[in-house]
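For this chain, numbers begin at 1 and follow the sequence in order.
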Amino acid sequence: MLSASQSGARDTRQQLLSQYTDMRAYSRALAVPLSDADATVQSMDDASPAKWHLAHVTWFFERFILKPHLGGYEEFDADFEYVFNSYYDAVGERHPRPRRGMLTRPSLEHVMAYRAHVDAGMEQLLADEPSPEAAELVTLGIHHEQQHQELFLTDILHLFSQSPLKPAYRPSEPRLMNGMAKTLDWHRFEGGLVEIGHEGDGFHYDCEGPRHKQYLEPFEIAGRAVTNREWIAFIEDGGYGAPGHWLSDGWACVQANGWQAPLYWQKRDSTWWTMTLRGAQPVDPEAPVCHVSYYEADAYASWADARLPSEAEWEIAGSGLDTHGNDAGTARLSPGLQSDAGLAGMFGDVWEWTRSAFLPYPGFKAPEGAVGEYNGKFMSGQMVLRGGSCVTPPDHVRATYRNFFHPDKRWQFCGVRLARDA
């Protein structure tokens, strides 16, 4: 008969194995609609081929977990150490990111065989009693692959948008036209000395801590994200041509790139259309605006006589709310209608830009070794987003999550929620 501690350890292993197998199955399902050609092409330097995403996350499990923690493990292909490393300098040299689309080999089928080989090793590791260090790395690997599941979809959307055929990743479905987005309302918070950052049980990335105190002045935050209808008003009022609303770097970006609307928007006769994972569709006026940069978000806020929230303000407003929203679990894969009472759509729909730079919290220290390169090395020149999007896996969303991108990036599912001083 098992002791209580043995039974608890077995249950923990079984739970971790279940989480692992479910997560890996979702990645395989994401690849089903793609041909080998779809999975190979790289549409821009910021994006990666679907095939590379599927192999890189597998390399992560092999390199950081199976090789050091599973005795007798046989490496699938020694060349993959170079080909599928992303940015881990401590591991060694790697294939240049802008040239990932040149990897016509291995084929998608061979990548799937690589995944199956590593899955077998992981199942063997988790069937035994992995060390606490190995179990912690497995949990990190699960969340790492969930990040890449989201990137997989954003990168496929960008790739398909380049085709004159405007192919659909998923079959089209009716838009949610069963109502209007709720009237824009404002929710007041008194501020004062608050605490932000992760605490307690549950997974979190190193950059989400340590939990610490910040002082906030009283503020108000909008009850929903900015809609496409409101963004069209910004366009029609000459927002993209009014330098007074733009940061200097943002205005230079507008001029250099000829921005006149969010990414993927095109005017057909008198109607705005956008590219979605379900093909080209008319812009839904009631849905949250999506695929806008930090520069655009900041300019819109200036035009609307408001501002972007700080990440501390956003976290205080979002704490205690239900994190289940229009995320990847709904399978819609596009932002939806914001009609809920209270603070609608804080989680899911679109990542929301904050005015906060991605910097270390007080007391932050990156872990030692290659895994310590996960977040800390990127704390320069990037802005924080909060809340998750319509392509974020549902158990990958929490109030303390700090997403981050450079301020000119638009291919992610990024939108805008306004704030203002109270």
Side-chain angles (χ1 to χ4, degrees), residues 175-192 194 196 214 216-237 239 245 262 272 283-292 294 296-327 330 332 334-356 383-390 392 397-401 403 413-422:
R175 291 183 295 151
L176 293 181
M177 297 296 289
N178 59 341
M180 299 281 288
K182 74 170 191 172
T183 302
L184 183 63
D185 57 349
W186 295 88
H187 297 253
R188 180 185 173 96
F189 294 84
E190 295 304 323
V194 301
I196 67 166
Q214 284 196 23
L216 298 179
E217 297 291 343
F219 68 95
E220 294 180 332
I221 194 165
R224 58 163 172 76
V226 172
T227 65
N228 290 317
R229 185 188 302 279
E230 291 165 331
W231 201 271
I232 290 170
F234 172 66
I235 295 172
E236 293 178 346
D237 196 45
H245 292 308
W272 284 106
V283 167
D284 183 345
E286 306 306 327
V289 70
C290 193
H291 302 299
V292 295
Y294 169 82
E296 291 164 285
D298 182 80
Y300 179 91
S302 172
W303 174 81
D305 196 26
R307 59 173 174 81
L308 300 180
S310 69
E311 66 168 322
E313 290 172 335
W314 196 102
E315 185 171 323
I316 292 301
S319 295
L321 299 180
D322 185 359
T323 60
H324 294 94
N326 179 30
D327 51 40
T330 69
R332 291 195 66 244
S334 61
L337 183 68
Q338 307 168 100
S339 57
D340 296 337
L343 289 167
M346 289 284 281
F347 298 96
D349 280 324
V350 292
W351 287 101
E352 297 175 0
W353 287 105
T354 74
R355 63 177 182 176
S356 298
M383 304 302 291
V384 173
L385 304 98
R386 294 298 193 107
S389 80
C390 55
T392 306
V397 178
R398 54 192 171 273
T400 59
Y401 195 116
N403 201 357
F413 285 77
C414 300
V416 188
R417 185 181 298 265
L418 299 176
R420 63 189 184 188
D421 299 334

Under the 3.5 angstrom rule, does the side chain of Asp349 hit a backbone N or O of Gly336 as a donor-acceptor pair?
-> yes
Write down the atom of Val416, the atom of Ala297, and the distance for their closest heavy-atom approach.
-> CG2-CB, 3.6 Å
Backbone N/O of Val384 and side chain of Thr354: donor-acceptor pair under 3.5 Å = yes
CD/Glu313 to CZ/Arg355 distance, rounded to the nearest 0.5 angstrom?
-> 5.5 Å
Value rounded to 0.5 Å, distance of OG in Ser310 from CZ in Phe219 = 7.0 Å
Kindly indicate whether the side chain of Val292, heavy atoms from C-beta on, has any atom under 4.5 Å from the side chain of Trp231.
-> yes
In plain terms, say whether Asp421 and Arg307 are close enough for a salt bridge, that is, a side-chain N and a carboxylate O under 4.0 Å apart.
-> yes
Taken in chain and number order and not counting sequence neighbours, the residues that satisfy salt bridge (charged side-chain N to carboxylate O under 4.0 Å, His left out) with Glu217 are none
Ala312 to Leu216 - nearest heavy-atom pair and separation | CB-CD2, 4.0 Å
Which atom pair, heavy atoms only, marks the closest approach of Leu321 to Ala317?
-> CD1-O, 3.7 Å
Do the non-hydrogen side-chain atoms of Ile221 and Arg417 ever get within less than 4.5 Å of each other?
-> yes
Check against side chain to side chain contact (heavy atoms under 4.5 Å, CB included), Leu184 and Arg224 | CA-CA 7 Å; Leu184 183 63; Arg224 58 163 172 76; 3.6 Å; yes
Within-4.5 Å side-chain heavy-atom neighbours: Lys182 and Gln338 = no
Look up atom OH in Tyr300 and atom CZ in Phe234, then write down how far apart they are to the nearest 0.5 Å.
-> 8.5 Å
Quick one: CG on Asn403 to CD on Glu352, what's the gap to the nearest 0.5 Å?
-> 12.0 Å
Ring pair (Phe, Tyr, Trp, His ring centres under 6.0 Å) against Phe413, all qualifying residues, sequence neighbours excluded = His291
Roughly how far, to the nearest 0.5 Å, is CZ of Arg420 from CZ of Arg188?
-> 10.5 Å
Looking only at heavy atoms, the pair that brings Asn228 and Asp284 closest together is ND2-O, 2.7 Å
Side-chain contact, heavy-atom cut-off 4.5 Å: Arg229 with Met180?
-> yes
Would you say Glu286's side chain and Ala181's backbone share a donor-acceptor pair under 3.5 angstrom?
-> yes
Closest heavy-atom pair, Val350 versus Pro288, reported as atoms and distance to 0.1 Å, is CG2-CB, 4.1 Å
Rounded to the nearest 0.5 Å, the CG atom of Leu308 sits from the CE atom of Met383 at a distance of 8.0 Å
For Asp305, does the CG atom have more than 12 heavy-atom neighbours from other residues, nucleotides or ligands under 6.0 Å away?
-> no
Minimum side-chain heavy-atom gap Val289-Glu230 below 4.5 Å = no
Looking at side-chain heavy atoms only, is the closest gap between Pro335 and Thr227 below 4.5 Å?
-> no
For the residue pair Trp353 and Tyr294, does the interplanar ring angle fall in the parallel (under 30°), tilted (30 to 60°) or perpendicular (over 60°) class?
-> perpendicular
Check step by step if side chain to side chain contact (heavy atoms under 4.5 Å, CB included) holds for Trp272 and Ile235.
-> CA-CA 11 Å; Trp272 284 106; Ile235 295 172; 4.2 Å; yes
Minimal non-hydrogen separation, Leu385 against Trp351, with atom names = CD2-CB, 3.9 Å
NE2 (His187) with more than 12 external heavy atoms under 6.0 Å = yes
